[in-house]
Amino acid sequence: MRCRQFQIDNSEASLRKMLPLVFSQDKSIHAAVEDAFITIYLTRNPTETAANLSSIAIESSIGDLAALEFIVGSLVSKGDISTSKRSAACRFQKG
């Protein structure tokens, strides 16, 4: 997470490897993955959030995409991802 914040090479690939840990039965690991995801990818700007989510999805494996879908679904149900961010993501993907 720190590598991504300081824009160190290959940090994005490392973060993708972190995504499947969201399926961990250990609640502290699950929470740490969600917290890191929120810190790195979710911003106040819905368009920027959409760009962040699209960038991580582009080069992800099937397993990474399943983890990404799980995390986003969980955050939507908790209200951490707002309607405006979901709308921006749809517009960003179409554009």
Side-chain angles (χ1 to χ4, degrees):
M1 185 173 100
R2 297 280 182 241
C3 291
R4 170 62 161 61
Q5 288 175 326
F6 292 106
Q7 300 175 347
I8 294 175
D9 291 342
N10 297 321
S11 61
E12 201 69 37
S14 297
L15 286 171
R16 269 190 238 103
K17 290 179 183 179
M18 170 197 71
L19 288 176
L21 292 174
V22 76
F23 295 121
S24 174
Q25 296 299 316
D26 185 330
K27 297 221 184 273
S28 64
I29 293 173
H30 176 87
V33 172
E34 275 192 356
D35 290 342
F37 186 84
I38 290 168
T39 300
I40 293 170
Y41 296 107
L42 302 184
T43 66
R44 293 183 191 267
N45 181 332
T47 303
E48 187 178 337
T49 296
N52 289 342
L53 295 177
S54 293
S55 73
I56 195 168
I58 289 172
E59 296 181 21
S60 292
S61 69
I62 297 292
D64 297 339
L65 289 173
L68 182 61
E69 180 181 8
F70 183 81
I71 292 171
V72 170
S74 175
L75 295 176
V76 166
S77 68
K78 292 178 186 178
D80 292 332
I81 296 180
S82 66
T83 304
S84 63
K85 288 181 182 175
R86 284 182 281 172
S87 298
C90 291
R91 285 192 309 272
F92 184 82
Q93 289 176 332
K94 290 177 184 175

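It should be emphasised that the depicted structure is a prediction, and the values quoted were computed from it without experimental measurement.
- By the side-chain contact (heavy atoms from CB on, under 4.5 Å) test, A31 pairs with no residue at all, sequence neighbours left out.
- By the side-chain hydrogen bond (donor to acceptor under 3.5 Å, both in side chains) test, S28 is found to be paired with D26, residues two or more places apart in sequence or in another chain being considered.
- Under the side-chain hydrogen bond (donor to acceptor under 3.5 Å, both in side chains) criterion, S61 pairs with D64, not counting sequence neighbours.
- With a 4.5 Å cut-off on side-chain heavy atoms, V22 and F37 do not count as touching.
- How far OH of Y41 is from CG of L75: 13.0 Å, rounded to the nearest 0.5 Å.
- A distance of 11.0 Å separates CD1 in I40 from CG in D35, rounded to the nearest 0.5 Å.
- Between F23 and F70, the ring-plane angle classifies as tilted under the 30° and 60° cut-offs.
- Residues meeting the side-chain contact (heavy atoms from CB on, under 4.5 Å) test with K78, sequence neighbours left out: E34, S74, D80.
- Scored by the side-chain contact (heavy atoms from CB on, under 4.5 Å) test, E48 finds T43, N45, N52 as partners (sequence neighbours excluded).
- Atoms CE and CD1, from M18 and I29 in turn, are 12.5 Å apart once rounded to the nearest 0.5 Å.
- Between the CG atom in L65 and the CD1 atom in I58 there is a gap of 11.0 Å [rounded to 0.5 Å].
- The CG atom of L68 lies 6.5 Å from the CG atom of L53; values are rounded to the nearest 0.5 Å.
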